[in-house]
Amino acid sequence: MASADDLMKKMVSLCKRLGFVFQSGEIYGGLQSAWDYGPLGVELKKNIESSWWDFMVRRRADVVGVDTAIITHPDVWRASGHVDNFHDPLVDCRKCRARFRADQVEGTKCPECGGELTEPRDFGLMFRTMMGAVEDEAAEVYLRPETCQSIFVNFRNIVTSSRQTLPFGIAQIGKAFRNEITARNFVFRSREFEQMEMEYFCRPADADRFFEYWKEERMSWYLSLGLKPASLRFRDHAKEELAHYARACTDIEYAFPFATGGFGELEGIANRADYDLSAHMRVSGQDLEFIDQVANEKVVPWVVETSGGIGRTILAVLLDAYYEDIVDGRERVTLRLSPALAPVKAAVLPLSRNLEAGAAEVAGMLRPILPVSFDVTGSIGKRYRRMDEIGTPFCVTYDFESANDRSVTIRERDTLEQVRVGIDNLADLLCDCLRKGWRPAVEKAGLAAAGRASE
Ligand code: GAP
């Protein structure tokens, strides 16, 4: 297996070579810390987003979703405390001019050239821009540095329109922007990224209970993506580490190979109390209290927030799935992605070019049901390996018998086991494999999985 440093290098190169992630603006030398998702990356990302949305919104009666504007009213960030507090301490090297976050360098010397560092000063992390034709202070707006503030700002609209009653949550997936001083470690820390956030509004007395509840729920979602339990852990924030809005915060961390201490943040679960709603009430002058018609009382709800990053989840999923072994005397790289996340669910591969027409028919039959790839070029062994490398769980081989016996062979990515199945039953069996897993689905179909496929 690859060492930690090695693994990261291999992952960055695999992502580019296979079309998961590219550096943005690469032909112009690349825009540092901005990343583009390629054809496979965008599918993986959509699968993660839809898993989150199902888990957090669709399968629950007590959470609704929103999708709000990225460009936000400047008062939102004055009220939220970001204009005053959302800074990182910046130090410059007097010799080579490199810039660092003061809390990420040890001592007073530049880690790159040994030069002397300046005293730390505050560096605002929000991206500012101008809206409209006149570029003056009144036109100044911000790109949101977190998606949740628009949830708080819309609180009354949502309560009124969706008739929710406490406790309930509002969820959103969307872009956020931070002018990070040092953006690094691939998509782990970038200046443009996506968040999956949910704000759960409850009575103040229930906040501790829901904080514990959401910690467990969120961990169970990461496990449902197929991440290994040993790669994940909780980490409670110490009091002095808490963000300006938080009473308590626990991170869910993943064993990122580059992380100091072996683990890095995937998501934060925070008890934000009534910080945000009260701040927006103060600055806007609007009443954002919740009116409980049954108890006949008014309350400013407290909030338990779950806030995760899509880029970090994608990176964790890819790293966790990366697997090397030797098959038929040759090295093989596999992404052991959970079938639900795999960008391609099945590949249809004719054994020879002469079989292309029959195999294309099978692929055409599957395409309305599953994301399918069809590949005719190269030896069958090479085509299997390419599919293993992008995490495709099932390869369907159309061979010289297929036209006669109306059957094909399915090869499973991790066990390399195979079954022969009638073309008419193929779609049902593949769907069952995706839902229930390979062995249970094959057994249920009354088929016998033969040993490892030879390539
Ligand atoms: N609303 C709370 C909030 O934004 P945060 O801990 O600053 O909290 C939440 O961010 C999540 O967003 C992080 O756990 C991480 O997954 C993701 N995130 C934050 N900054 C990021 C960056 N520069 N690049 C990529 N992901 C980032």
Side-chain angles (χ1 to χ4, degrees), residues 21 24 31-35 37 45 48-49 52 66 68 70 72 76-77 79-82 85-88 101 104 123-127 142-153 169-200 211 214-215 218-219 221-222 225 227 232-237 241-254 256 258-259 263-273 275-277 279-280 303-317:
V21 183
S24 190
L31 181 63
Q32 223 208 345
S33 80
W35 302 96
Y37 289 95
K45 181 163 162 290
I48 289 174
E49 286 168 0
W52 189 89
V66 287
T68 67
I70 285 170
T72 24
V76 171
W77 307 107
S80 69
H82 282 77
N85 297 308
F86 202 49
H87 300 132
D88 270 345
R101 247 173 71 176
Q104 288 177 350
F123 177 78
L125 296 178
M126 282 197 292
F127 279 96
Y142 293 96
L143 302 188
R144 63 186 180 196
E146 57 177 13
T147 62
C148 62
Q149 288 306 323
S150 356
I151 291 178
F152 299 125
V153 170
I170 305 173
Q172 160 151 246
I173 295 179
K175 292 256 184 187
F177 303 80
R178 295 182 191 177
N179 199 5
E180 301 276 2
I181 295 171
T182 41
R184 58 180 163 210
N185 293 324
F186 199 30
V187 292
F188 181 85
R189 188 176 301 285
S190 45
R191 295 194 170 101
E192 173 179 343
F193 55 96
E194 265 157 288
Q195 291 187 315
M196 307 171 282
E197 297 201 295
M198 193 277 310
E199 309 302 316
Y200 201 73
F211 181 66
W214 280 109
K215 273 166 53 179
R218 296 304 305 137
M219 181 61 96
W221 181 73
Y222 285 105
L225 300 183
L227 293 176
L232 291 164
R233 72 172 190 191
F234 287 118
R235 188 183 69 79
D236 296 336
H237 282 215
E241 196 192 343
L242 289 173
H244 60 274
Y245 51 74
R247 296 234 169 173
C249 184
T250 297
D251 287 344
I252 294 180
E253 296 189 327
Y254 177 78
F256 288 107
F258 46 78
F263 282 82
E265 177 186 341
L266 263 181
E267 163 156 347
I269 296 115
N271 177 349
R272 297 178 76 118
Y275 177 89
D276 306 274
L277 287 180
H280 289 299
V303 171
V304 173
E305 172 185 76
T306 72
S307 174
I310 294 182
R312 290 188 190 184
T313 307
I314 289 177
L315 184 56
V317 159

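The first residue in the sequence is number 1, and the count goes up from there. In listed order, ligands and their atoms are each counted from 1.
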The atoms of ligand 1 lying under 4.0 Å from a heavy atom of E146, numbered in the order shown, are 1 (N), 2 (C), 3 (C), 4 (O)

Residue pair T313 / M196, side-chain heavy-atom distance below 4.5 Å | yes

Protein residue, atom and distance nearest to atom 18 (N) of ligand 1, heavy-atom basis = F193 CE1, 3.5 Å

side-chain hydrogen bond (donor to acceptor under 3.5 Å, both in side chains) between R191 and S33, worked out | CA-CA 6 Å; R191 295 194 170 101; S33 80; 3.1 Å; yes

With a 6.0 Å cut-off on ring centres, are F258 and F188 close enough?
-> yes

Output yes when the distance from some N or O of ligand 1 to some N or O of G309 is under 3.5 Å, and no in every other case.
-> yes

Looking only at protein heavy atoms, what sits closest to atom 24 (N) of ligand 1 is S190 N, 3.0 Å

Where ligand 1 meets E267 - atom numbers and elements under 4.0 angstrom, heavy-atom basis | 14 (O)

The answer for which part of R189 has a heavy atom under 4.0 Å from ligand 1 is both

Ring center gap for W35 and F193 short of 6.0 angstrom | no

Closest protein heavy atom to atom 3 (C) of ligand 1, given as residue, atom name and distance to 0.1 Å | S307 OG, 3.5 Å

So, do Q172 and Q195 sit near enough that their side-chain heavy atoms are less than 4.5 Å apart?
-> no

Determine, using heavy atoms of R272 and all atoms of ligand 1, whether some pair is separated by less than 4.0 Å.
-> yes

How about S150 and R144: do any of their side-chain heavy atoms sit closer than 4.5 Å?
-> yes

Any side-chain heavy atom of T250 within less than 4.5 Å of one from F211?
-> yes

May I ask you to test the S80-Y245 pair for a side-chain heavy-atom distance under 4.5 Å?
-> no

Among all protein heavy atoms, pick the one closest to atom 7 (O) of ligand 1 and tell me residue, atom and distance.
-> R178 NH1, 2.8 Å

Is C148 near ligand 1, meaning one of its heavy atoms is under 4.0 Å from it?
-> yes

With side chains defined as the heavy atoms from C-beta onward, is the minimum distance between E267 and Y222 less than 4.5 Å?
-> yes

Looking only at protein heavy atoms, identify the closest one to atom 10 (O) of ligand 1 and say how far it is in Å.
-> Q195 NE2, 3.4 Å

Under 4.0 Å to a heavy atom of E305 - the qualifying atoms of ligand 1, by number = 1 (N), 2 (C)

Return yes when Y245 approaches ligand 1 closer than 4.0 angstrom through a heavy atom, no otherwise.
-> yes

How far is atom 25 (C) of ligand 1 from its nearest protein heavy atom, and which residue and atom is that?
-> F188 O, 3.1 Å

With heavy atoms only and a cut-off of under 4.0 Å, state how R191 meets ligand 1: side chain, backbone, both or neither.
-> neither

Of all the heavy-atom pairs spanning L315 and N185, show the shortest one and how long it is.
-> CD2-O, 4.2 Å

Are the side chains of F234 and K215 in touch, meaning some heavy atoms are under 4.5 Å apart?
-> yes

Taking only non-hydrogen atoms of E197 and a 4.0 Å limit, the atoms of ligand 1 in range are 1 (N), 2 (C), 3 (C), 4 (O)

Which option out of I151, I269, L266, L125 puts a heavy atom nearest to atom 16 (O) of ligand 1?
-> L266

Considering only protein heavy atoms, which is closest to atom 13 (C) of ligand 1, and at what distance to one decimal place?
-> E265 OE2, 3.2 Å

